[in-house]
Asker: 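Before anything else, here's the structure in question.
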2 protein chains.
Amino acid sequence: MRPTREQAKENRQRILDTAARLFRENGIHAVGVDAVMKGAGLTHGGFYGHFKSKGDLTTEAVSHAMDAALQSVADVKSMEDFAAAYLSREHRDIAGNGCTIATLGPELARFPEGQRGTVSDYVSAQIAQIEALQAAKDGTTDRRKAIADLSSLLGALIMARTVDDPQLSDEILTETRLYFATDANKPTNS
Amino acid sequence: MRPTREQAKENRQRILDTAARLFRENGIHAVGVDAVMKGAGLTHGGFYGHFKSKGDLTTEAVSHAMDAALQSVADVKSMEDFAAAYLSREHRDIAGNGCTIATLGPELARFPEGQRGTVSDYVSAQIAQIEALQAAKDGTTDRRKAIADLSSLLGALIMARTVDDPQLSDEILTETRLYFATDANKPTNS
DNA sequence: ATTATCTATAGATCTATAGATAATGC
DNA sequence: ATTATCTATAGATCTATAGATAATGC
């Protein structure tokens, strides 16, 4: 019944994967250690062999989720593509695999500094990527605009998810995406 | 010991005020009925005379919070002023009295439709207000830009709160605000 | 022998209810 | 008599720990 050292490592990874998904789907507070272990196919008592506490798991799982999210947008070629992917209905409706700030931002903001995982690096990396897309387009970068654009993507996704009215939700996604499409045809103001 | 009918009504309002603040400060899941009643100066058993359940309180308190937030920005005169207030350090650091979407958006998004209070009306009202500010400036409105601008404000505030690095947090607030200031001097693209 | 996992449970906390209390309002 | 509030508690749920189990790995 005892797994090999390698299987134990895989189990730990599966706990992280499961937590990263369940936390984003339901919120950190709403997901117990029990649910995470059940989702990973283990019993909840075994959890404390892998992690010191739920807080420790949270920090690691959040960083784990952000790493995966960064990789999934690494090959985006333009700001319009970035916006189309980020503001897709699929991203809105499947939160468990999406942007960590959009699902857990406000909850993470209440955690003490140092327990929020690599969130600052994550945001910095997203800003840098938008700057890289700017440079690829016309050779110049505008960090201020990169920050405002990233803010717009994040805010639109959260609003589209929070709003009760499906029509308004679709409008927020579509119009913000179109804003980036028309914006792309304007000269940069730098 | 029993209060007058009028005092009971005041008690109910104080429960709503307290819940609206505590929910925004700590998240809905993290605040028990006990804490709300204690904050309102009552014992927690008395809660169920005022509300049927915590879910009922949540719907009402969220709407209550959004009503108050709308009133507090009703007299804003320009988009720059709106951005300056919304992206102020004060708003970032005092969540209990601020924008409900920025503190509770992702948590509300997990509630079933119909239990999120007046969130759609709240977002619609914010969009309409930005359109009114556009009209007051040059007589035209651009709903698409209003949506993108509102998204940008919301996203920037959430990022500034979530990020671990105080310098990056300040930069996000300042640069997004400056983006609106410079943006205001450009011709509208409609 | 070591150790990853499981079973069982302690101790907190949270929502909700039941019955008692005591002052208001017909 | 009605009713807003309080006291006490039931029933769930959640984090964490203790001790048992059984297969791996020196």
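A quick note: this is a predicted structure, and the numbers were derived from the prediction, not measured.
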Asker: Atom CG of B/Asn26 to atom P of C/dC14: distance rounded to whole Å?
Answerer: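 About 11 Å, once rounded to whole Å.
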Asker: Would the distance check show the side chain of A/Gln129 and the main-chain N or O of A/Val73 forming a donor-acceptor pair, the cut-off being under 3.5 Å?
Answerer: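 Checked: pair present.
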Asker: Using a heavy-atom distance cut-off of less than 4.0 Å, which residues of residues 46-61 of chain A contact DNA chain C?
Answerer: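 Heavy-atom cutoff 4.0 Å gives A/Gly46, A/His50.
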Asker: What does the list of N/O pairs under 3.5 Å between the protein and nucleotides 18-20 of chain D look like, with a distance for each?
Answerer:
none

Asker: Can you name the side chain to side chain contact (heavy atoms under 4.5 Å, CB included) partners of A/His91, sequence neighbours left out?
Answerer: A/Tyr86, A/Ser88, A/Cys99, A/Leu157, A/Arg161
Asker: What protein N or O atoms touch nucleotides 24-26 of chain D N or O atoms at under 3.5 angstrom, if any, and at what distances?
Answerer:
residue : atom : partner : partner atom : Å
D/dT24  : O2   : A/Arg2  : NH1          : 2.6
D/dG25  : OP1  : A/Arg5  : N            : 3.1

Asker: Tell me which pairs pass side-chain hydrogen bond (donor to acceptor under 3.5 Å, both in side chains) where either residue lies in residues 163-175 of chain A, with sequence neighbours left out.
Answerer: A/Arg89-A/Asp170, A/Arg92-A/Ser169, A/Arg92-A/Asp170, A/Glu171-B/Arg143, A/Glu175-B/Arg144
Asker: Looking at B/Arg14, is its backbone amide N or carbonyl O close enough to the side chain of B/Thr18 to form a donor-acceptor pair, meaning the two atoms are under 3.5 Å apart?
Answerer: yes
Asker: Could you tell me whether a side-chain N or O of A/Thr162 sits under 3.5 Å from a main-chain N or O of B/Gly105, the two making a donor and an acceptor?
Answerer: yes
Asker: For a quick test of your reading: what N or O donor-acceptor pairs under 3.5 Å do the side chains of residues 58-67 of chain B make, sequence neighbours left out?
Answerer:
residue : atom : partner  : partner atom : Å
B/Thr58 : OG1  : B/Lys54  : O            : 2.8
B/Thr59 : OG1  : B/Gly55  : O            : 3.2
B/Thr59 : OG1  : B/Gln115 : O            : 3.4
B/Glu60 : OE1  : B/Arg12  : NH2          : 2.5
B/Glu60 : OE2  : B/Arg12  : NH2          : 2.9
B/Ser63 : OG   : B/Thr59  : O            : 3.1
B/Ser63 : OG   : B/Thr118 : N            : 3.1
B/His64 : NE2  : B/Asp17  : OD1          : 2.5

Asker: For B/Thr176 and B/Leu173, indicate whether the former's side chain and the latter's backbone hold a donor-acceptor pair under 3.5 Å.
Answerer: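 Not at all, since once roles are kept as given, no pair shorter than 3.5 Å links the two residues.
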Asker: Which residues satisfy the side chain to side chain contact (heavy atoms under 4.5 Å, CB included) test with B/Thr4, sequence neighbours excluded?
Answerer: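 Residues passing side chain to side chain contact (heavy atoms under 4.5 Å, CB included) with B/Thr4: B/Glu6, B/Gln7.
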Asker: Mind checking ring pair (Phe, Tyr, Trp, His ring centres under 6.0 Å) for A/Phe51 and listing every partner two or more places apart, or none if nothing turns up?
Answerer: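 A/Phe51 satisfies ring pair (Phe, Tyr, Trp, His ring centres under 6.0 Å) with A/Phe47 only.
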Asker: Give the residues of residues 34-44 of chain A touching DNA chain D, defined as any heavy atom closer than 4.0 Å, sorted by residue number.
Answerer: A/His44
Asker: Mind listing the side-chain donor-acceptor pairs of residues 25-38 of chain B below 3.5 Å, one per line with the distance, residues two or more places apart or on another chain?
Answerer:
none

Asker: Can you measure A/His29 atom NE2 to C/dC14 atom C1' for me and round it to whole angstrom units?
Answerer: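 It works out to 11 Å between those atoms.
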Asker: Assess the residue pair B/Leu70 and B/Gln126 against the criterion (side chain to side chain contact (heavy atoms under 4.5 Å, CB included)); give the C-alpha distance rounded to whole Å, side-chain angles, the decisive distance to 0.1 Å, and a yes or no.
Answerer: CA-CA 8 Å; B/Leu70 275 184; B/Gln126 299 264 39; 4.3 Å; yes
Asker: Please identify each residue that fulfils side-chain hydrogen bond (donor to acceptor under 3.5 Å, both in side chains) with A/Ser120, with sequence neighbours left out.
Answerer: none
Asker: Please determine whether side chain to side chain contact (heavy atoms under 4.5 Å, CB included) holds for the pair B/Phe180 and B/Leu153, giving the CA-CA distance in whole Å, both sets of side-chain angles, and the decisive distance to 0.1 Å.
Answerer: CA-CA 10 Å; B/Phe180 279 99; B/Leu153 291 180; 3.6 Å; yes
Asker: Please give the stem ranges for DNA chain C, sorted by first residue number, where a stem is three or more consecutive Watson-Crick or G-U pairs and both donor-acceptor distances are under 3.5 Å.
Answerer: C:1-24 with D:1-24
Asker: Over how many whole Å does the gap from A/Lys9 atom NZ to C/dA4 atom P extend?
Answerer: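 My rounded result for the distance is 11 Å.
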Asker: Just by modelled atom types, is the A/Ile147 backbone N or O under 3.5 Å from a matching donor or acceptor in the A/Ser151 side chain?
Answerer: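 It does hold such a pair.
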Asker: To the nearest 0.5 Å, tell me how far B/Ile101 CD1 sits from B/Arg24 CZ.
Answerer: 11.5 Å
